Protein chains: 2
Amino acid sequence: MAADKNLIGEINNNLRHLIQLLQTRSKKIRKETGITGPQLLAMKTLTEFPDISISELARRIYLHPATVVGIVDRLEGRSFVKRRRSKTDLRQVNVRLTAKGKGALQKAPGAARAPVLDGLETLPDRKLKRLSVSLAQLVRILDLSAKGPILKRRRGRPRKEESMPVKRRGRKSS
Amino acid sequence: MAADKNLIGEINNNLRHLIQLLQTRSKKIRKETGITGPQLLAMKTLTEFPDISISELARRIYLHPATVVGIVDRLEGRSFVKRRRSKTDLRQVNVRLTAKGKGALQKAPGAARAPVLDGLETLPDRKLKRLSVSLAQLVRILDLSAKGPILKRRRGRPRKEESMPVKRRGRKSS
DNA sequence: CCGTGATTATTTGTATACGAATCTTGCAAT
DNA sequence: ATTGCAAGATTCGTATACAAATAATCACGG
């Protein structure tokens, strides 16, 4: 068994398995809390960065804006978050947690608050560090491979806006 | 910055990012080959293990049988695979690649054939080994945490069956 | 032989998840 | 000002992905 091939194949396999485990985990959290993993992640992010736009939220949780629209739709449907059209830039829509949303977050059990890492705390620091480094390396490699030789610079500027009701736009309103 | 919290948070973050990168990768493969990542994975698995049941295929690629049904549906729709009801166990449905499916696999570019690891080969063996070990560790921890204290033994027995046309069953046929 | 529970594939329902198209708004160059 | 292009949010279409329910079959005990 060629060492290289097997190593890479094993990594591949473990990645598949890993993703499936995280998926199952999300389902379990949903059964326990009524909130899915991505929804929880979005709300957690909104705790840390209140009132950010859809796009910025998407960037922070590594999702496509179109995906985040759906997640926010569902959260808003349950009154966990609220949308507001930005005053300074009418294209943007800002999202923020409601009191009900904050309450739901607090009621979520520990497993939900730390979306991944139940057993990780039992690992010695050394292995934890190694895991972190390896993951970062993997991400970096995939990232470069994805973006190719191009490297895009992005400057973020602070934003401040206030309220305003939100009217949907886009291709078609039902 | 508390070392522990940050490490775990970073791992979490990198996992998110990693999943998104793999997702994007799958889409790119689809544009290039017309076949998605999971479909490709299923076909690759069928190359290695021809004529296995839906359940076994699902186990091998770490997916829920219900998910695999959809994937096989689409592959069968394009005549890349074929379903056959097992003769020895009428509950099972076996899947195998067609000539067209094999051809499509061969035509898939290198990136598609190694679903993840373009840049990985450039890594020195030492780092590769560390990555593999860390991933395995992570998977093991999540797996245990998912299954809890219970450990289920599964014995797989070999299966051999032959042809037969497939008629759909289940809740309702359209 | 007959019932009972387990196994297998499927369907249904719901939630991600992304790309492409679209509309609105912002911004800069002419 | 006008034109044109970029950025933001949304919709649509498609593909994962899983749990629960369902139907068929199997394996087994009596």
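Note that the structure is a prediction, hence the values are computed from the model and not measured. Just so we're on the same page: letters track the sequence lines, and every chain starts at 1.
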Which nucleotide, [options], lies nearest any side-chain atom of [X]?
| X | options | answer |
| --- | --- | --- |
| R30(B) | dA17(D), dT10(D), dA15(D) | dA15(D) |
| P38(B) | dG26(C), dA17(D), dT25(D) | dA17(D) |
| D89(A) | dT10(C), dT10(D), dT25(C) | dT25(C) |

Length of the line joining [X]:[atom1] and [N]:[atom2], which is rounded to integer Å:
| X | N | atom1 | atom2 | result |
| --- | --- | --- | --- | --- |
| I71(A) | dT10(D) | CD1 | P | 13 Å |
| R85(B) | dA9(C) | CZ | P | 8 Å |
| L63(A) | dG8(D) | CG | C1' | 17 Å |
| I29(A) | dT16(C) | CD1 | P | 12 Å |
| L41(A) | dT16(C) | CG | P | 11 Å |
| E32(B) | dG19(C) | CD | P | 13 Å |
| L90(A) | dA9(D) | CG | P | 12 Å |
| K87(B) | dT8(C) | NZ | C1' | 19 Å |

Report the residue (A66(A) or Y62(B)) whose heavy-atom-nearest nucleotide on DNA chain D is the more 5′ of the two.
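Per heavy-atom nearest nucleotide, the more 5' residue is A66(A).
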Nearest-nucleotide 5' precedence on DNA chain D, G70(B) against H64(A)
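On the 5' side of the pair lies H64(A).
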Is there a side-chain polar atom (N or O) of [X] under 4.0 Å from OP1 or OP2 of [N]?
| X | N | value |
| --- | --- | --- |
| Q39(B) | dT16(D) | yes |
| T36(A) | dT16(C) | yes |
| T24(B) | dC18(C) | no |
| T67(A) | dT16(C) | no |
| K31(A) | dA20(D) | yes |
| Q20(A) | dT16(D) | no |
| R16(A) | dA17(D) | yes |
| S53(A) | dG8(D) | no |
| R83(B) | dT10(C) | yes |

Expected output: side-chain [X] to main-chain [Y] donor-acceptor under 3.5 Å:
| X | Y | result |
| --- | --- | --- |
| Q39(B) | R74(B) | no |
| N94(B) | D51(B) | yes |
| T47(B) | M43(B) | yes |
| T98(A) | F80(A) | yes |

With sequence neighbours left out, write down each residue that passes side-chain contact (heavy atoms from CB on, under 4.5 Å) with S132(A), or none if nothing qualifies.
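With neighbours one apart ignored, the set is L7(B), E10(B), I11(B).
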Below 4.0 angstrom, N of the basic side chain to O of the carboxylate: do E56(A) and R60(A) qualify?
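Yes.
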For residues 128-142 of chain A, which residue pairs qualify under salt bridge (charged side-chain N to carboxylate O under 4.0 Å, His left out), counting only residues two or more places apart or in two chains?
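Residue pairs passing salt bridge (charged side-chain N to carboxylate O under 4.0 Å, His left out), neighbours aside: none found.
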N/O contacts under 3.5 Å, protein versus nucleotides 4-6 of chain D?
none

Identify the heavy atoms of S86(B) and L90(B) that sit nearest to each other, and give their distance.
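That closest heavy-atom pairing would be O-CD2, 3.2 Å.
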Classify the nucleic acid contact of R74(B) as base, sugar-phosphate or nothing, counting any heavy atom under 4.0 Å across all strands shown.
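Since a base atom lies under 4.0 Å of R74(B), the category is base.
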